[in-house]
Amino acid sequence: MNHASTSLLAADGGDIALSAFFDGHPVATFAIDTHHVITHWNHACEQLLGWSRADMIGTANHWQALYARPRPLLADLIMDGPSPELERELEHYYPGKCKRSPLIPGAYEVEEFFPNIGASGHWLHFTAAPLRDGQGRVVGAIETLRDVTERRVAENALRRAHDNLEHVVEKRTGQLAEMNAKLQEDIAQRLLAEAELRRSNLELTELNQQLSRAQQQLLQADKLASIGQLAAGVAHEINNPIGYIFSNFRTLQNYLEQLFGMLDAYQRAEPSLSAPDAATLRAMRERIDLDFLRQDIPTLMAESGEGIVRVRHIVQDLKDFSRVDANQEWVWADLHRGIDSTLNIVSNEVKYKADVIKEYGDIPDIQCLPLQINQVVMNLIVNAAHAIGDERGRITVRTGRDGEHVWLEVGDNGSGIAPDTVSRIFDPFFTTKAIGKGTGLGLSLAYGIVQKHHGSIDVDTALGQGTRFRVRLPIRQAAATEDPTP
C-alpha cells in the first residue's frame with residue numbers, strides 16, 4: 001500500500017476507483033468507514049481469510065476473520081490518528097509488536113501469528129493507514145494483510161538451526177574444554193613425572209658420586225692403614241735400637257768428658273815428666289792432632305745426637321700422620337702440628353725440588369678428622385712439588401682465620417694448570433701426569449674430605465706462574481658428636 005491509496009476517495013468517481021483498486025490488488029485488503037463498517041473486502045482477502053465479500057461488506061464483523069471474540073483490529077485503532085491514547089491501545093492489543101510504518105505517514109505495522117487461519121495457522125504482516133478525503137478529513141481506514149508464514153517458518157527453522165548449531169557448538173566447546181582440561185592434566189602429570197624422574201636421576205647421580213667417593217676414600221684408607229701398620233712396626237723396631245743408641249750415646253758423652261779431663265791432667269803433668277816421656281807424648285799428640293780432636297769430637301757428638309733425635313721425630317711424625325693408634329673420630333686438633341708432621345713425611349718429595357716457606361697465622365684448634373686433614377695437606381704439597389720444573393722452586397704454606405673458619409693455602413711457582421682442565425681437576429681418576437705417575441685420586445679425595453668437613457676448596461692458577469689451593473674449614477663441626485669444648 002502506498003500514500004496515494006489513502007486519498008483515493010478525494011478523486012472524482014473515487015468510490016469506483018477505490019473498488020477497482022481493491023479488486024485488482026494482489027494483497028488481501030479491506031477498508032472500513034468512520035463507523036468501523038466494512039466498505040471494501042477484495043478477492044485476495046477472501047482467499048486468505050476464507051470470508052466472502054458478501055459476508056463482510058456492510059458489517060463490522062471483520063474481527064471474526066482473525067480472532068475468536070470481538071476486539072478492534074489495527075484499522076479500527078488508528079482511525080483517529082496518533083495520540084497518547086492510541087499508543088496505549090496499540091501496546092495493549094499488540095504488546096511489543098506494533099511500530100510506525102517507515103513508508104506511509106500515520107500508518108502502523110504489526111506481525112502476528114493467527115492459529116485459527118488455515119489448518120495450522122498463519123503468520124500475517126498487516127499494515128493499517130487512515131483514509132482521507134480531498135479536504136484531508138479522515139473518512140475511514142484501510143488495512144492490508146500479507147501472508148508471511150513461509151518466511152517466518154524459514155526464519156524459525158533458521159533460528160532453530162542456529163540454536164541447534166549453538167547447542168552443538170556449545171556441546172563441542174564443552175567437550176573440547178573437557179578434553180583440553182584432561183590434556184592439561186595429562187601434561188601436568190607428565191611434567192610431574194618428568195620432574196620426579198629428573199629428581200630421581202639427580203639423586204641417583206649424587207648417590208653414585210657418593211659411592212665413588214666412598215670407594216676412593218676406602219681405597220686410600222686401606223693404603224693409609226697399611227702405611228700405619230708398617231709405621232707401627234717400623235717404629236717398634238727402630239725405637240728399641242734408637243733407645244739403646246741414645247742411652248749409650250749419653251754414656252759415651254760422659255766417658256769422653258772424663259777422657260778429655262784425664263788428657264788435660266796429663267797435659268798439665270807433662271812438664272814434670274822425663275825428657276824422653278815428654279817427647280813421646282808430644283809426638284803422639286802431634287800425630288793424632290789432639291787439639292783438633294778436642295774440637296771435632298764434641299761437634300761430631302752433637303751432630304750425631306741431633307741425627308738420632310731427628311730419626312725419633314721422623315718415626316713419631318709417621319705415627320702421627322697415619323694415626324694407627326687413634327680412632328677416627330671428630331677431635332680438636334692443632335692444624336699447624338698436622339702440617340709440620342706431613343711436611344716431615346713428604347720431605348723426600350720436596351727437599352730436592354723446592355724450598356718450603358711457612359707463613360702460619362694465629363689460628364685456634366679445629367674440630368676435624370686429623371688423619372684426613374693430613375691427607376689433604378699431603379696431596380696438595382706433593383702436587384705442588386710435582387708442578388715445579390727442573391729449576392728449584394718455592395712452595396708456600398699459609399694459614400689464617402676468617403670468622404668462624406680457618407683457611408690453609410698451599411701455593412707454588414710451578415707450571416700452573418691449563419684453563420681447559422681446571423674444571424676437571426677434582427674429578428676422580430683425572431690426571432695430567434704421565435701414565436704410571438699418578439692415579440687421579442689425590443685431589444678428588446681431598447675434595448671429598450673437605451666436603452665431609454663442611455668446608456670448601458678453591459684453586460687459583462695461571463700457566464707458567466703457578467697454582468694456589470685454598471682450603472677453608474669450619475672451626476667447629478655442628479654435626480660432630482665429640483665434646484665441643486676444645
Side-chain angles (χ1 to χ4, degrees), residues 1-67 69-112 114 117 122-148:
M1 183 175 67
N2 55 35
H3 179 63
S5 64
T6 65
S7 58
L8 286 177
L9 292 177
D12 292 338
D15 188 55
I16 298 174
L18 185 59
S19 298
F21 169 78
F22 272 88
D23 291 337
H25 202 288
V27 178
T29 307
F30 69 90
I32 59 176
D33 60 15
T34 55
H35 300 289
H36 303 280
V37 174
I38 300 173
T39 59
H40 296 83
W41 188 273
N42 71 355
H43 182 65
C45 202
E46 291 179 324
Q47 291 181 332
L48 175 62
L49 300 179
W51 291 81
S52 68
R53 182 183 309 175
D55 294 332
M56 286 296 176
I57 291 178
T59 72
N61 297 330
H62 42 291
W63 59 269
Q64 291 181 338
L66 300 174
Y67 300 105
R69 47 179 71 89
R71 56 157 285 180
L73 272 61
L74 187 58
D76 297 311
L77 296 173
I78 58 94
M79 185 79 69
D80 296 330
S83 68
E85 182 66 23
L86 173 62
E87 297 296 332
R88 286 192 292 270
E89 289 183 346
L90 291 174
E91 182 62 25
H92 173 71
Y93 288 106
Y94 303 103
K97 300 175 184 178
C98 188
K99 64 180 181 177
R100 292 179 182 271
S101 172
L103 301 176
I104 305 171
Y108 290 84
E109 297 178 354
V110 175
E111 190 166 295
E112 192 173 29
F114 295 91
I117 299 177
H122 281 264
W123 280 94
L124 299 181
H125 181 277
F126 41 97
T127 303
L131 287 173
R132 300 179 185 275
D133 61 10
Q135 286 75 36
R137 292 172 299 190
V138 176
V139 294
I142 186 172
E143 185 170 339
T144 60
L145 304 95
R146 289 187 297 113
D147 187 355
V148 294

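Keep in mind that the numbers below use all heavy atoms, side chains included, and drop hydrogens, waters and symmetry copies.
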Least distance between heavy atoms, Ala129 atom then Ile104 atom: CB-CG2, 4.1 Å
Check Leu124 against Leu145 and note the closest heavy-atom contact, atom names and distance. CD1-CD2, 4.0 Å
Let me confirm one number: the CG-NE2 distance from Leu131 to His40, rounded to the nearest 0.5 Å. 9.0 Å
Around atom NE2 of His125, are there more than 12 heavy atoms of other residues, nucleotides or ligands at under 6.0 Å? yes
Output the distance between atom CG (Leu49) and atom CE (Met56), rounded to the nearest 0.5 Å. 7.5 Å
Can you check whether Arg132 reaches Pro130 side chain to side chain, under 4.5 Å on heavy atoms? yes
Do any N or O atoms from the side chain of Glu109 and from the backbone of Ser101 form a donor-acceptor pair under 3.5 angstrom? no
On a heavy-atom basis, the closest approach of Ala141 and Ala75 is CB-O, 3.5 Å
Heavy-atom closest pair, residues Ala28 and Asn42: CA-OD1, 3.7 Å
Would you confirm whether Asn61, through its side chain, and Gln64, through its main-chain N or O, come within 3.5 Å as a donor-acceptor pair? no
Are Val37 and Thr59 close enough, and set up right, to give a side chain to side chain contact (heavy atoms under 4.5 Å, CB included), and what steps lead you there? CA-CA 5 Å; Val37 174; Thr59 72; 6.0 Å; no
Between Leu74 and Tyr108, does a side chain to side chain contact (heavy atoms under 4.5 Å, CB included) hold up when you go through it step by step? CA-CA 8 Å; Leu74 187 58; Tyr108 290 84; 4.2 Å; yes
Okay, side chain of Thr29, backbone of Thr144: is any donor-acceptor separation there less than 3.5 Å? no
Closest non-hydrogen atom pair, Arg71 against Trp63: O-CB, 3.5 Å
Looking at Ser52 and Asp55, what are the two nearest heavy atoms and their distance? OG-OD2, 2.9 Å
Step by step, would you call Glu111 with Arg146 a salt bridge (Lys or Arg N to Asp or Glu O under 4.0 Å)? CA-CA 9 Å; Glu111 190 166 295; Arg146 289 187 297 113; over 6 Å; no
Could I get the full list of ring-ring contact (aromatic ring centres under 6.0 Å, His included) partners for Trp51, not counting sequence neighbours? none
Arg88/Glu85 under salt bridge (Lys or Arg N to Asp or Glu O under 4.0 Å): CA gap, chis, key distance, verdict: CA-CA 5 Å; Arg88 286 192 292 270; Glu85 182 66 23; 2.7 Å; yes
Within this structure, what is the CZ-SG distance for the pair Arg53 and Cys45, rounded to the nearest 0.5 Å? 10.0 Å
Residues two or more places apart in sequence or in another chain: which of them pass side chain to side chain contact (heavy atoms under 4.5 Å, CB included) with Glu112? Tyr67, Tyr94, Lys97, Val110, Phe114, Phe126
So, taking the atom named NE2 in His92 and the one named CG in Leu77, what distance separates them when rounded to the nearest 0.5 Å? 9.5 Å
If the condition is side chain to side chain contact (heavy atoms under 4.5 Å, CB included), which residues does His36 pass it with, not counting sequence neighbours? Ile32, Asp76, Met79
Going by side-chain contact (heavy atoms from CB on, under 4.5 Å), Phe30 matches just one of Thr39, Ile142, Leu73. Which one? Leu73
Val139 side chain reached by Asp33 side chain, heavy atoms, under 4.5 Å: no
